[in-house]
Amino acid sequence: MSVLISSKSFDPKAFLSAVHPNATYQDLAAGITHLQSSLDARSEAVRVLVEDNFDRFVAVKASTDALYAEMREGLLSDKAEFASRPLVDCLKRSAVKANQVFLPVLENSAKAQKLRTTLGVFERSKFFFSLPGFLVEAIEAGKYEAAMRQYNKGKFLLDSRPGQLLPVEAGILDKVWANVEKVMGEMKALLLTRLQEPGRSVEEMERGIEILLELNTPEDPIWTYFDSQHKHIMDRMSAAYRTGVSNIDVIKSRTAPDMSPPNALRQILGAQLQVCIVALESKAPEAVIAQAGGHEVWKAIWDMVKNVSEVMVSSLPNFWKIAKSFLEGKFKRPSSSRRSASQCRQMALDIIKLYISLLSEFFILSDVLSKPSTPNSPLHLPSHSNSLTTAHWLAKILSEVQDCVTEIGALELGEGGLVKGLMESARWRFEDVLVRSWLRDANHIYALESFTPDLSTPSTTLYLNYLESFMRHLATSAFKIAGGISADSGSGMLRAAQQNVVPPVFITKITKAFLDAMYAILDGMVVLVAEEVPPGVVGGAPEREGKQELIDLRDSNTRLLLVISNFAHLSASLIPSMLSQFENALGVSVEDDRKTLMKSVTAMDKTLFDGYVKPKAAIVAAILRDGILDKEMDWYETPQPTEIRTYMYKALMGLVEIHAQISRVAENLLERGMHALVENAAEEALLSFKQVKRFGMGGMLRATLEIEFMHQTLARYVSPPAAKTLSELYNKISQAYARRPGDENLQGNLDSVKRTLAESRRATGIEFMCFRAPKERGGKEKKEKDEGRERGKERGKVREVRRDKSSAS
């Protein structure tokens with residue numbers, strides 16, 4: 001504006017510099033002269049115009065002054081603000097009205113223009129504006145790969161057109177991209193958090209690691225995963241162990257029985273064994289055995305082992321799969337980490353070592369070769385649990401450990417035999433626990449003997465069936481724990497073939513335990529006789545098959561006979577059968593041990609048998625000795641006998657009572673017992689008659705009559721040794737006969753003795769009927785009659801010899 005001549009702010013210097021920047025001084029001087037001439041000419045023209053129209057100027061001036069004065073009084077007064085107020089007021093009202101009418105239109109127009117501009121920006125960059133929402137939805141849906149693809153696409157588009165954006169558009173996109181980066185930052189944090197969470201699948205973890213590696217996070221995602229999961233697995237395993245042990249201690253304390261009464265443990269174990277052994281014959285024995293004494297503690301121990309194993313099995317395979325991929329070159333960042341890749345293998349081994357250390361701490365595991373047996377039992381095991389229940393739970397716990405070890409072994413971690421050593425140590429320790437329980441129960445199992453007859457095996461008790469089931473089940477369980485047969489085999493597997501090879505050290509341990517248990521059982525059977533009233537005998541006694549009378553089990557002789565009868569069955573059948581099954585199952589020979597055991601059984605049987613027979617035989621022997629060596633009896637002067645003296649009846653009636661007791665209690669011992677008693681009676685008679693210096697005719701006939709009466713009455717039970725002794729006795733009587741004058745009628749006297757003998761036999765037929773052979777046993781009776789006839793012939797020969805000797809004298 002300063003270069004316009006007509007402007008009030010005209011500046012000559014600015015005019016010259018703008019309009020005539022290149023003019024010379026001469027040009028400017030000429031211009032000034034021309035300008036002066038122009039101004040003078042214009043001033044002259046104005047003067048001439050004024051002179052020509054002066055009167056008009058005066059008239060106009062007067063009119064103007066008059067109008068001005070009038071207007072000053074009216075229209076142009078101060079009150080009307082020189083007539084501008086109405087106009088201003090009108091303009092104001094117009095402006096207000098215009099604002100009311102046109103301002104919204106203008107604003108809407110501006111908004112529309114702005115919106116058109118924004119829509120244009122959106123149209124050109126609508127992918128960017130929808131990217132944050134898409135990323136949020138994809139992340140919430142777990143579609144991290146899709147979110148990563150869209151993020152990379154947006155980043156590429158943004159980087160590929162930096163000069164193509166308008167300033168406004170660039171500002172908007174910067175804000176949008178800031179939101180995108182914020183969302184991706186949240187996704188990074190979410191993925192890092194999930195890497196540290198347990199229970200995620202391997203695929204999910206691998207996907208997260210790959211995405212985080214692509215996002216190039218400050219943290220190395222693979223080591224974030226390894227560190228967090230390693231710590232979590234170790235912590236979970238330790239927590240499961242501590243919680244389990246605490247729970248075991250609480251349950252053990254709550255369920256512990258009162259052990260203060262005498263023989264409390266024997267009574268508790270006896271009751272448990274009674275139920276469990278009977279259950280072995282049922283269809284589902286394990287259900288009963290598993291619920292016997294101490295099962296609450298065993299269940300808690302099994303739960304603890306299961307929980308610790310589940311932590312390992314549920315976590316380590318996934319951990320090692322990712323670690324193995326990492327060792328193979330996967331999941332590595334372009335910039336190498338300072339940490340060695342082999343550290344992840346060590347982490348996996350740390351987890352296995354912790355598992356082994358926890359189980360070793362609880363069960364006091366030790367190396368099989370370093371310690372044949374551990375003197376201390378694990379503190380947390382129930383002390384009042386019977387061996388069958390112990391075997392059941394040990395096998396179940398071992399199966400849980402075996403499953404875990406199998407899964408870990410399949411991972412091929414290269415752990416150097418750690419898990420194999422764990423199984424061997426666990427089997428060895430469990431075998432030790434079972435053997436201790438087995439031997440303890442074998443020492444107390446005699447409490448199950450109630451002397452209830454076994455109807456399938458006469459003269460034995462059901463206790464023998466219990467023993468066989470007990471030994472077979474525990475031998476099978478010990479073999480199962482040693483790894484010889486599968487964990488799901490039944491209790492009768494000693495009859496089955498061996499499935500797996502068992503280390504010799506286990507075979508030796510099981511064999512020793514089996515034999516030690518047998519010896520303990522045999523000792524317990526002796527205790528049954530020694531105790532005043534055995535634990536299993538309560539009140540009366542069971543009724544014998546086919547008989548109405550009841551036997552008195554409180555009588556030690558009755559129990560002794562039953563025990564001897566059981567020993568006979570053990571020696572003849574049960575022990576050989578059990579040993580054969582044991583040898584076949586374990587694939588070993590125990591011939592030397594068999595001989596030693598059978599010698600012990602024979603010796604114990606003889607001791608028990610002598611314990612019954614000798615007191616009885618001593619009574620009979622005393623009667624015979626007193627009768628034969630009676631001071632009032634003069635064998636040289638006594639007349640011819642007309643009857644048998646009472647001492648012989650008394651001795652034979654004593655044998656009748658013994659015969660009745662044996663028949664009533666253990667008929668299978670009858671022949672053995674009576675043979676021994678008759679042999680003892682014959683020996684006592686021989687010893688007594690040897691003390692008689694000489695016999696007269698009457699003494700010789702009386703001695704012959706009484707011995708022959710005993711011989712014929714007991715003919716059924718005269719064994720070869722007894723017959724030999726009686727033959728010596730007849731010879732002794734014959735040799736001690738001193739012939740005197742008047743002894744010529746020997747044959748007549750002998751005939752008289754025969755009649756007396758026959759009459760005495762007929763008179764006592766009923767009393768001594770028990771000594772006769774049963775009629776229903778025709779073959780045996782005939783054989784015994786033939787044997788009696790032969791013995792009669794021998795006795796006849798003896799008498800002929802005596803007669804010839806007498807005649808010669």
Side-chain angles (χ1 to χ4, degrees), residues 269 272-273 275-282 284-295 297-299 301-302 305 363 373 377-378 381-382 385-402 423-424 426-445 465-503 505-518 520-521 578-579 581-588:
L269 292 175
Q272 292 181 25
L273 289 170
V275 174
C276 292
I277 293 176
V278 170
L280 290 176
E281 304 301 325
S282 65
E286 297 300 327
V288 177
I289 293 173
Q291 295 298 315
H295 74 275
V297 180
W298 282 118
K299 175 68 166 52
I301 295 173
W302 178 73
V305 174
F363 292 109
S373 62
S377 295
L381 303 186
S385 181
N386 70 84
S387 52
L388 277 73
T389 301
T390 299
H392 169 85
W393 284 105
L394 286 176
K396 192 169 183 179
I397 294 169
L398 189 64
S399 176
E400 189 67 39
V401 177
Q402 178 69 71
M423 277 309 301
E424 290 179 353
R427 289 187 187 280
W428 184 252
R429 190 71 188 95
F430 286 15
E431 200 74 71
D432 191 56
V433 172
L434 178 58
V435 165
R436 290 173 186 270
S437 179
W438 186 359
L439 296 181
R440 179 203 62 191
D441 288 1
N443 282 290
H444 294 300
I445 197 172
N465 294 337
Y466 294 162
L467 293 183
E468 183 180 16
S469 299
F470 172 78
M471 293 296 290
R472 182 174 64 247
H473 183 83
L474 288 178
T476 303
S477 299
F479 194 46
K480 184 186 300 183
I481 289 174
I485 52 181
S486 59
D488 56 351
S489 301
S491 62
M493 279 294 105
L494 271 182
R495 299 189 180 95
Q498 179 174 335
Q499 296 183 3
N500 304 314
V501 177
V502 177
V505 65
F506 281 91
I507 296 294
T508 302
K509 191 179 189 69
I510 296 171
T511 303
K512 183 177 184 303
F514 183 88
L515 295 171
D516 288 347
M518 284 302 307
I521 288 171
M578 291 169 63
L579 289 175
Q581 291 181 35
F582 186 83
E583 288 177 328
N584 293 335
L586 271 68
V588 296

Taking the inter-plane angle between the rings of Phe514 and Phe582 on a 0 to 90° scale, is it parallel (under 30°), tilted (30 to 60°) or perpendicular (over 60°)? parallel
Is any side-chain heavy atom of [X] less than 4.5 Å from a side-chain heavy atom of [Y]?
X	Y	answer
Met578	Arg472	no
Lys396	Glu286	no
Met471	Ile521	yes
Val505	Trp428	yes
Ile289	His295	no
Asp432	Lys509	yes
Phe470	Trp438	yes
Glu424	Pro503	no

Ignoring hydrogens, what is the shortest heavy-atom contact between [X] and [Y]? Give both atom names and the distance.
X	Y	value
Val502	Gly483	CG2-C, 4.1 Å
Ala279	Pro285	O-CB, 3.1 Å
Gly293	Gln272	CA-NE2, 3.4 Å
Asn443	Ala520	OD1-CB, 3.6 Å
Ser387	Asp441	N-OD2, 2.5 Å
Gly294	Ser385	CA-CB, 4.3 Å

Only one of Thr390, Leu269, Leu474 passes side chain to side chain contact (heavy atoms under 4.5 Å, CB included) with Ser437; say which it is. Thr390
At what distance, to the nearest 0.5 angstrom, does [atom1] of [X] lie from [atom2] of [Y]?
X	Y	atom1	atom2	answer
Ile397	Ile301	CD1	CD1	5.5 Å
Arg440	Asn386	CZ	CG	7.5 Å
Ile510	Leu515	CD1	CG	12.0 Å
Lys299	Gln291	NZ	CD	9.5 Å
His392	Lys480	NE2	NZ	9.5 Å
Glu431	Ser477	CD	OG	9.5 Å

Return yes if a side-chain donor-acceptor contact under 3.5 Å exists between Trp298 and Thr389, otherwise no. no
When you look at Phe430 and Val401, which way does the side-chain contact (heavy atoms from CB on, under 4.5 Å) test go after all the steps? CA-CA 12 Å; Phe430 286 15; Val401 177; 5.6 Å; no
